[in-house]
Amino acid sequence: MESVTTEVCSCKSVATGCTGDQHPTVGKGSSSISSDVSSSTDHTPTKAQKNAATSEDSDLSMRTLSTPSPALIFPPNTQGFQNGRGSSTSSSSVTGETVAMVHSPPPTRLTHPLIRLASKHQKEQANIDRLPDHSMIQIFSFLPTNQLCRCARVCRRWYNLAWDPRLWRTIRLTGETINVDRALKVLTRRLCQDTPNVCLMLETVIVSGCRRLTDRGLYTIAQCCPELRRLEVSGCYNISNEAVFDVVSLCPNLEHLDVSGCSKVTCISLTREASIKLSPLHGKQISIRYLDMTDCFVLEDEGLHTIAAHCTQLTHLYLRRCVRITDEGLRYLMIYCTSIKELSVSDCRFVSDFGMREIAKLESRLRYLSIAHCGRITDVGIRYIAKYCSKLRYLNARGCEGITDHGVEYLAKNCTKLKSLDIGKCPLVSDTGLEFLALNCFNLKRLSLKSCESITGQGLQIVAANCFDLQMLNVQDCDVSVDALRFVKRHCKRCIIEHTNPAFF
């Protein structure tokens, strides 16, 4: 007699309480789902071995589980459990890209003595089965998508609980080798069973770092998830403008979009078809509020103009290392997007004091500004920000070598509610500037002075004597004495000091 199966159950832990007869029986629609699972692999599945035991066991061996296989989400040749929400698990070593492991349920009668002993032990120790459904669903809510799919393979009860709609408001996939396009297709098809062709419960899709994601995967999301509110595809450099346009046009409730590292994305706009069908004012109806385009190197002023014209409700915009952006692009931005609270143009080397004048038009709405390594910004630009953006809480001006004590003075006297300031690598800032900070910004919690050559221990002591709530101080590569560091520690007891003085510990 041939060996029927190599594992009795997908659940290998005694604590699960699976006794074999608990496995879900698949209905009429299971054959199509299981075929989808099989078709999501890049190789031809091996035919199931015949079971010569009984006709009942033969029927059981022909059953396949209508759950998207965890292997759709696991990279090949992974081993063992890993801690963390993004961990993946696989108990077999296989070759190929992505393998769909559909195990047949075990026979109803367990004849081997060791199996009978394990089954008896499971019945005695299966305390987890005593938990009510709402408690199990609460536990499952902390699992990432891959582990949730594994739980659906344990038994009938877990299958029903794992596919509770409340657990599928979010899909989170990670891994460079995952065939994300096919995984998304299978998952959305399963979630569309109750509402054909539409996943009404799915609101968040996070596939950051999945480099194999293409326009096809995003198109699947756009077609099936009209209630999508959050999409993160950072590092997926194979997606293009057209796929992003489809998502924006077909998901009108989208508020959070992260395309950082997607070097082919140069714009955010509606598709031509959507623009024709909708009114000319539809651009004001695009609900994106959070947009991260960090490392989108190809983004230019014209693209930023289009983004601003269509995404007028933006409150958070991050353009770090978009090196082609200039002051003209910021001018377009301020014309349309007047509600921005957080803005980052770090490493945009063409942004100058004229750009700061445009940003200052945000006035008291601006709370967060990062202009790190914008070498063309001087005290003039800082003065614009300090004069009009009085409610600024966070400023990162690291590497702006044109900033002096005068710029720090303007900032300290006008932005008195400042909580975080980074003026590292600003060699023209000295103890005089620190004194203005200490006497005006009493709520300062984070201060970075890294590589400020003109800073001494005297300036630090003035800061410590006035800013009691200081929690982080960076004085690496600064000429500061041990006594000054100890003075800071005595007056700011919760402060973490980052330094390069080996005598202080």
Side-chain angles (χ1 to χ4, degrees), residues 330 334 340-346 351-372 374-475 478 484 487-488 491-492 495:
L330 294 179
M334 296 308 130
I340 293 179
K341 297 178 180 179
E342 295 191 8
L343 177 64
S344 175
V345 290
S346 298
V351 173
S352 66
D353 293 334
F354 294 103
M356 294 299 97
R357 183 180 63 182
E358 297 298 327
I359 293 175
K361 294 178 181 179
L362 294 172
E363 298 180 346
S364 60
R365 292 179 293 275
L366 187 66
R367 304 299 177 90
Y368 172 106
L369 178 62
S370 179
I371 53 174
C374 294
R376 299 188 180 189
I377 295 177
T378 65
D379 289 342
V380 176
I382 295 298
R383 189 168 186 172
Y384 280 123
I385 298 298
K387 182 177 180 180
Y388 296 101
C389 305
S390 58
K391 293 187 178 180
L392 192 68
R393 300 289 190 273
Y394 175 100
L395 177 63
N396 182 1
R398 174 176 294 192
C400 297
E401 299 181 354
I403 297 177
T404 69
D405 291 333
H406 295 293
V408 177
E409 179 183 358
Y410 297 141
L411 190 67
K413 290 183 176 180
N414 292 276
C415 302
T416 56
K417 296 183 179 181
L418 200 65
K419 292 185 177 181
S420 179
L421 177 63
D422 188 342
I423 48 176
K425 298 184 179 180
C426 295
L428 301 180
V429 175
S430 66
D431 293 343
T432 304
L434 291 187
E435 184 175 355
F436 287 116
L437 278 176
L439 297 177
N440 293 277
C441 301
F442 303 109
N443 296 322
L444 199 62
K445 296 183 181 297
R446 301 175 65 88
L447 178 62
S448 178
L449 306 169
K450 182 178 180 179
S451 303
C452 288
E453 303 169 354
S454 303
I455 296 296
T456 66
Q458 182 179 357
L460 290 186
Q461 290 179 0
I462 297 174
V463 171
N466 292 273
C467 303
F468 301 107
D469 293 333
L470 198 64
Q471 297 177 3
M472 194 283 293
L473 176 64
N474 188 340
V475 289
C478 294
F487 183 90
V488 173
H491 287 75
C492 306
C495 183

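Only a predicted model underlies this, so the values are computations on that prediction, with no experimental measurement involved.
- For the pair S454 (side chain) and P427 (backbone), a donor-acceptor distance under 3.5 Å is present.
- The shortest side-chain heavy-atom distance between N396 and I371 does not fall under the 4.5 Å cut-off.
- Take K413 and apply the salt bridge (Lys or Arg N to Asp or Glu O under 4.0 Å) test, not counting sequence neighbours, and it matches E409.
- In this structure a side-chain-to-backbone donor-acceptor pair under 3.5 Å is missing from D422 to R398.
- A distance-only check finds no donor-acceptor pair linking the side chain of N474 to the backbone of K450 [under 3.5 Å].
- Taking the side chain as every heavy atom from C-beta outward, L447 and L437 approach each other to under 4.5 Å.
- The two residues C426 and C452 have their closest heavy-atom pair at O-SG, 3.9 Å.
- By the 4.5 Å heavy-atom criterion applied to side chains, K417 and R393 are counted as neighbours.
- By the 4.5 Å heavy-atom criterion applied to side chains, M356 and V351 are counted as neighbours.
- Of all heavy-atom pairs between D431 and Q458, the closest is OD2-CB, 4.1 Å.
- The side chain to side chain donor-acceptor pair (under 3.5 Å) check on D379 picks up T404, with sequence neighbours excluded.
- Using a 4.5 Å cut-off on side-chain heavy atoms (C-beta onward), I423 and L449 make contact.
- Separation of atoms CD1 (I340) and CG (L362) is listed at 5.5 Å; rounding is to 0.5 Å.
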Check: How far apart are the C-alpha atoms of I403 and T378, what are their side-chain angles, what is the distance that settles it, and do they pass the side-chain contact (heavy atoms from CB on, under 4.5 Å) test?
Finding: CA-CA 5 Å; I403 297 177; T378 65; over 6 Å; no
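- Rounding to the nearest 0.5 Å places CG of L330 at 6.0 Å from CE of M334.
- Of all non-hydrogen atoms in F468 and H491, the two that sit nearest each other are CD2-O, 4.0 Å.
- Shown here is Y394, whose OH atom has more than 12 heavy atoms of other residues, nucleotides or ligands within 6.0 Å.
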Notebook entry, point to check: side-chain contact (heavy atoms from CB on, under 4.5 Å) between V475 and I455: does it pass, once the steps are laid out?
Noted result: CA-CA 9 Å; V475 289; I455 296 296; 5.6 Å; no
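- Across all their heavy atoms, D405 and G433 have their closest contact at OD1-N, 3.3 Å.
- The nearest pair of heavy atoms linking F442 to L439 is CZ-O, 3.2 Å.
- Distance check, rounded to the nearest 0.5 Å: CZ of F354 to OH of Y384 gives 7.5 Å.
- A distance of 12.0 Å separates SG in C415 from NZ in K391, rounded to the nearest 0.5 Å.
- Dense packing is recorded around CD of E363, with more than 12 heavy atoms of other residues, nucleotides or ligands lying under 6.0 Å away.
- Side-chain N or O atoms of R376 include none that pairs as donor or acceptor with a backbone N or O of C374 at under 3.5 Å.
- Around the NE2 atom of H406, the shell of radius 6.0 Å holds no more than 12 heavy atoms that belong to other residues, nucleotides or ligands.
- Taking a 6.0 Å sphere around CZ of R367, one finds it holds more than 12 heavy atoms contributed by other residues, nucleotides or ligands.
- Within 6.0 Å of CZ in F487 there are more than 12 heavy atoms belonging to other residues, nucleotides or ligands.
- K425 and E401 make their closest contact through O-CG, 3.7 Å (heavy atoms, listed as atom of the first residue, atom of the second, distance).
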Note to self: Does I385 form a side-chain contact (heavy atoms from CB on, under 4.5 Å) with L395? I'd like the steps, not just the answer.
What the structure shows: CA-CA 10 Å; I385 298 298; L395 177 63; 5.5 Å; no
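- Taking CG of L411 as the reference point, atom OG1 of T416 lies at 10.5 Å (rounded to 0.5 Å).
- Taking CD of Q471 as the start and SG of C492 as the end, the distance is 10.0 Å to the nearest 0.5 Å.
- Side-chain contact check for L434 versus I462: every heavy-atom pair is 4.5 Å or farther apart.
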